[in-house]
Amino acid sequence: MQIAANNPNRKSWLNVADNCDFPIQNIPFGVFITKDDIITIGTRIGEFAIDLGAFHQLGYFDGIPLTDDMFMQDSLNDFISDGRKTWRLVRNRIAEVFEAENASLRDNLKHREVIIFDVNEVEMLLPIQVGDYTDFYSSKEHATNVGLMFRGADNALMPNWLHLPIGYHGRSSSVVVSGTKIRRPYGQTLPNGETQPVFGPSKALDMELETAFITTDVNNLGEQISIDEAHDYIFGMVLLNDWSARDIQKWEYVPLGPFLGKSFASSMSPWIITMDALEPFKCDGPKQDVALLPYLQQKTAKNSYDIKLQAAIETENGDLNLLTTSNFNYLYWSMSQQLTHHTSNGCNVRAGDLMGSGTISGPTKNSYGSMLELTWGGKEPITLKDGSTRTFFNDGDNVIIRGYCKNDKVRIGFGKCTGKIMPPMKPKQK
Ligand code: MN
């Protein structure tokens, strides 16, 4: 089936600014609540949020097999579970109805009133009920940098790293939507030079500049999927800030890996950008250095996406301080390899599962995806516009991640993923 919704020449009767992340070619999916307290699945064109529950009820999806309440839900899980054919039909129809020449909704003011809202008048909610959250570690630059700092040059990249996409099981209950305030966590740490641990607020609260993909139902327990079909199970992508408390992480991670230094919060952007919308931005990933086992071998090198990424701190005086500029295409392991590896032991992956990329760092210092790397373990503080310095984040810092793709015809963006850091709670523990 053609992805007609991607036609770069299509214009909408809704006004869309030139540099907007959400032209009619994007058609992302999210969940929002209106001023009248109605929760619905929706999409976005320009600065307009479109209520797909109302759109469906008023007959604009006629002819597409959909349950009556498909979009009147507080999560996208059921829609995602319906599979790629449905996603394509729905995106194509939305593109058709909002095309400049199509008068059906354009000239029906009554319908427009109940379907179309100003994005500033709705509140975005977490778009999926996150079943399981897995976080990979797929940037070679990031893994090398962290290895250098935590273990030294001799074992910077562990011997398994080039043979399989390393990952761990994260915590789904604390995945929050962009804009949710992030409370500085408490934890147990071993201060430098000490022999006894202490308990208190983290002094090394960090971001991880990541993307994540969201799956449909992939496999039954005990079954594997093949690398050639993996891509068909991926619904779309979001920006992800996988918050990390480096001091807690450093003390707890041996031998089982990250735990409380990661599980206090992960922020995701509210609009899921479909793999269909990202299709024009497919590109080659990095050359993989060692011969892979057959189950991870891909037929083509074009397994990555050119997604420009950046992270910034907005300080309380309103200054925006750019921290880093990276790109999804630095990632060594592809999403298909990650997903294939994930099911290779028979572990079942379900609709609404979230798979983090791991921190996406580039080769140069201005492209590192965490403060840990940008300040090299806190040794090289960053000076902000107001003259203050940061090794890790301060309370009051608003951390903003952005991402977009752009070619000479169209810009497909993710919007932003933000989280402002709040002071720690008063502890209950003695
Ligand atoms: Mn991470």
Side-chain angles (χ1 to χ4, degrees), residues 130 132-151 157-158 160-161 164-178 180 182 185 187 202 204-215 237-254 256-269 307 309-311 323-324 326-328 330-335 337-339 341-342 353-362 367-375 377 392-393 399-401 403 414 417-419 421:
V130 183
D132 279 294
Y133 164 41
T134 301
D135 196 24
F136 287 93
Y137 192 58
S138 287
S139 157
K140 191 177 170 189
E141 289 81 359
H142 173 69
T144 305
N145 287 340
V146 173
L148 279 171
M149 279 181 267
F150 279 37
R151 287 186 298 274
L157 203 62
M158 300 298 265
N160 57 5
W161 200 93
L164 56 88
I166 300 284
Y168 73 98
H169 292 296
R171 184 79 193 164
S172 57
S173 65
S174 54
V175 176
V176 295
V177 72
S178 169
T180 306
I182 304 301
S202 169
L205 180 50
D206 197 356
M207 64 176 177
E208 293 198 324
L209 171 58
E210 301 194 19
T211 61
F213 67 85
I214 291 134
T215 60
M237 293 175 70
V238 291
L239 304 172
L240 185 74
N241 184 348
D242 187 37
W243 300 95
S244 299
R246 299 301 179 190
D247 44 357
I248 300 172
Q249 183 185 355
K250 189 176 180 181
W251 174 230
E252 74 175 1
Y253 91 109
V254 181
L256 284 186
F259 185 31
L260 304 183
K262 300 276 192 173
S263 62
F264 60 96
S266 306
S267 303
M268 66 182 268
S269 54
I307 305 171
L309 299 168
Q310 49 180 244
L323 294 170
T324 185
S326 188
N327 195 305
F328 179 82
Y330 292 138
L331 279 183
Y332 187 88
W333 294 101
S334 73
M335 292 182 279
Q337 287 174 321
Q338 291 170 337
L339 188 55
H341 184 65
H342 205 306
D353 284 2
L354 185 70
M355 307 277 174
S357 59
T359 307
I360 305 174
S361 292
S367 61
Y368 293 168
S370 65
M371 294 295 276
L372 178 71
E373 296 161 272
L374 289 163
T375 69
F392 296 98
F393 296 128
V399 181
I400 302 173
I401 293 178
F414 287 75
C417 176
T418 71
I421 296 163

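Just so you know, ligand 1 is whichever comes first in the structure, and atom 1 is the first atom listed for that ligand. If you read the sequence from its start, that first residue is 1, and numbering goes on from there.
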Can you name the nearest heavy-atom pair linking Trp161 to Ala143, along with the distance? NE1-CB, 3.5 Å

Within the distance-only criterion (no hydrogens, no angle test), does the side chain of Glu252 pair as donor or acceptor with the backbone N or O of Leu260 below 3.5 angstrom? yes

Kindly give the atom name of the N, O or S atom of Asp135 closest to the Mn ion (ligand 1). OD2

To the nearest 10 degrees, calculate the angle at the Mn ion (ligand 1) involving OD2 of Asp242 and OE2 of Glu210. 110°

Might you point out which heavy atoms bring Tyr330 and Glu141 nearest each other, and give the distance in Å? O-OE1, 4.0 Å

Mutual orientation of the aromatic rings belonging to Tyr253 and Phe150 [parallel < 30°, tilted 30-60°, perpendicular > 60°]: perpendicular

Proximal heteroatom of Glu208 relative to the Mn ion (ligand 1) (N/O/S): OE1

